[in-house]
Amino acid sequence: MQEKIVAQRPHALLPHVTNYCPGCTHGIVERLVAETLDELDVEGRTVGVAPVGCSVMSYDFFGCDMIEAAHGRAPAVATGVKRSLPDRIVFAYQGDGDLASIGMAETVHAATRGENITIIFINNAIYGMTGGQMAPTSLPSQVTQTSPYGRDTLTAGYPIRVCELLSTLDGVAYLERVSVDTPKSVRNAKRAIRRAFQNQVDHVGYSLIEVVSTCPTNWKMTPMEAFEWMRQNMLTYYPLGVYKDVQAEGFANAAEAASARAAGCPMVQEAVKEARS
């Protein structure tokens, strides 16, 4: 009887042993990205941008072309690749320190320009690779290496909610926050990641998927304890869901949605008419 393959390693995920700690969710997310590249049949024309952080060696794991960016500069590098090679599928894979701290300017400006790229954002509320320091996403009162008494909002301010922040920008087409702590959540994350890449294929605009994740090593917990802590604390502070979807609003892309929001501005509408003529 002929055997049927029901599960196998995605072609876009190379057979390398990763450097991630036991219980880390990076491996799950990277597999979902690789599965998406396979399903959309775009591996051969995809360029990924690796960050500085726990996923710094992603260039060893993905089968597509990869570029290593300086700390926080992944959106700028992705922008350069996409503008010079517009037929390529370009994504950046970033952690919270890389994306929301040193790279916040690049993140915001790539989003507000409406760059047609895909961002995969891992939010585990801590700097993972460099020893567990407080990150822009660390929760109030969360203990880290640099906040041993807990994050003090009087001196360190409040955590940055990236999806909520970017949802105010006209250049953004799609934002969704997901997790990968249960089989159901993994399936939902896969759907969101595929949608973000499909948006790029269809020229809808800038898409970012935020994955609320764990860091058992620096949280000093077992993987199961970390998942439970994440559910009790992070998912209440960072609620899952879609934060922007211009197609669900009835628009073809981010530019069309932005034009509609500026319907009361004659100068903008005149520029739109000239661009269409």
Side-chain angles (χ1 to χ4, degrees), residues 12 29 32-51 58 62 64-67 69 72-94 98-100 103-121 162-163 165-178 189-211 242-262 268 271-272 274-276:
V29 181
L32 298 182
V33 172
E35 287 179 353
T36 296
L37 299 182
D38 283 5
E39 292 169 7
L40 296 180
D41 194 24
V42 295
E43 178 190 346
R45 62 187 183 99
T46 294
V47 180
V49 184
S58 291
F62 289 111
C64 60
D65 288 336
M66 294 291 295
I67 300 175
R73 314 309 173 208
V77 173
T79 295
V81 174
K82 188 68 177 181
R83 290 196 176 197
S84 59
L85 299 169
D87 62 321
R88 299 298 195 271
I89 301 302
V90 183
F91 75 94
Y93 187 100
Q94 299 178 263
D98 187 86
L99 181 145
M104 179 53 85
E106 285 78 6
T107 294
V108 169
H109 287 285
T112 201
R113 290 194 307 266
E115 301 294 345
N116 190 39
I117 58 178
T118 302
I119 308 295
I120 306 300
F121 166 45
V162 171
C163 280
L165 174 68
L166 297 184
S167 68
T168 65
L169 304 179
D170 282 342
V172 175
Y174 180 59
L175 298 168
E176 184 166 358
R177 183 181 289 137
V178 299
K190 169 67 179 299
R191 175 200 52 76
I193 289 171
R194 176 166 176 144
R195 171 72 184 283
F197 277 92
Q198 187 66 56
N199 280 349
Q200 186 175 167
V201 172
D202 296 338
H203 304 284
V204 179
Y206 179 99
S207 298
L208 178 145
I209 304 301
E210 177 179 348
V211 186
V242 177
Y243 283 82
K244 190 167 188 178
D245 184 351
V246 297
Q247 289 187 318
E249 297 171 14
F251 302 104
N253 51 50
E256 186 177 290
S259 176
R261 284 191 289 274
V268 172
V272 171
E274 291 180 3
R276 291 174 176 173

The side-chain hydrogen bond (donor to acceptor under 3.5 Å, both in side chains) partners of N116 (sequence neighbours excluded) come to none
Considering residues at least two apart in sequence or located in another chain, which fulfil the side-chain contact (heavy atoms from CB on, under 4.5 Å) criterion with R113? T79, R83, H109, A110, E115
Can you name the residues that form a side-chain contact (heavy atoms from CB on, under 4.5 Å) with A69, not counting sequence neighbours? V49, A74, V77
Does the pair R195/D245 count as a salt bridge with the N-to-O cut at 4.0 Å? yes
Please name all residues satisfying side-chain contact (heavy atoms from CB on, under 4.5 Å) with A262, sequence neighbours left out, ordered by chain then number. V268, Q269
K190: which residues meet the salt bridge (charged side-chain N to carboxylate O under 4.0 Å, His left out) condition with it, sequence neighbours left out? E35, E39
Applying side-chain hydrogen bond (donor to acceptor under 3.5 Å, both in side chains), name anything that partners T36, two or more places apart in sequence or on another chain. none
With sequence neighbours excluded, tell me which residues meet side-chain hydrogen bond (donor to acceptor under 3.5 Å, both in side chains) with N253. none
Contacts of type ring pair (Phe, Tyr, Trp, His ring centres under 6.0 Å), residue Y174, not counting sequence neighbours: none
Residues which pass ring pair (Phe, Tyr, Trp, His ring centres under 6.0 Å) with F197, listed by chain and number, not counting sequence neighbours: F91
side-chain hydrogen bond (donor to acceptor under 3.5 Å, both in side chains) partners of R261, counting only residues at least two apart: D170
Partners of Y206 by ring pair (Phe, Tyr, Trp, His ring centres under 6.0 Å), sequence neighbours excluded? none
Listed partners of Q198 passing side-chain contact (heavy atoms from CB on, under 4.5 Å), at least two apart: L40, V201, D202
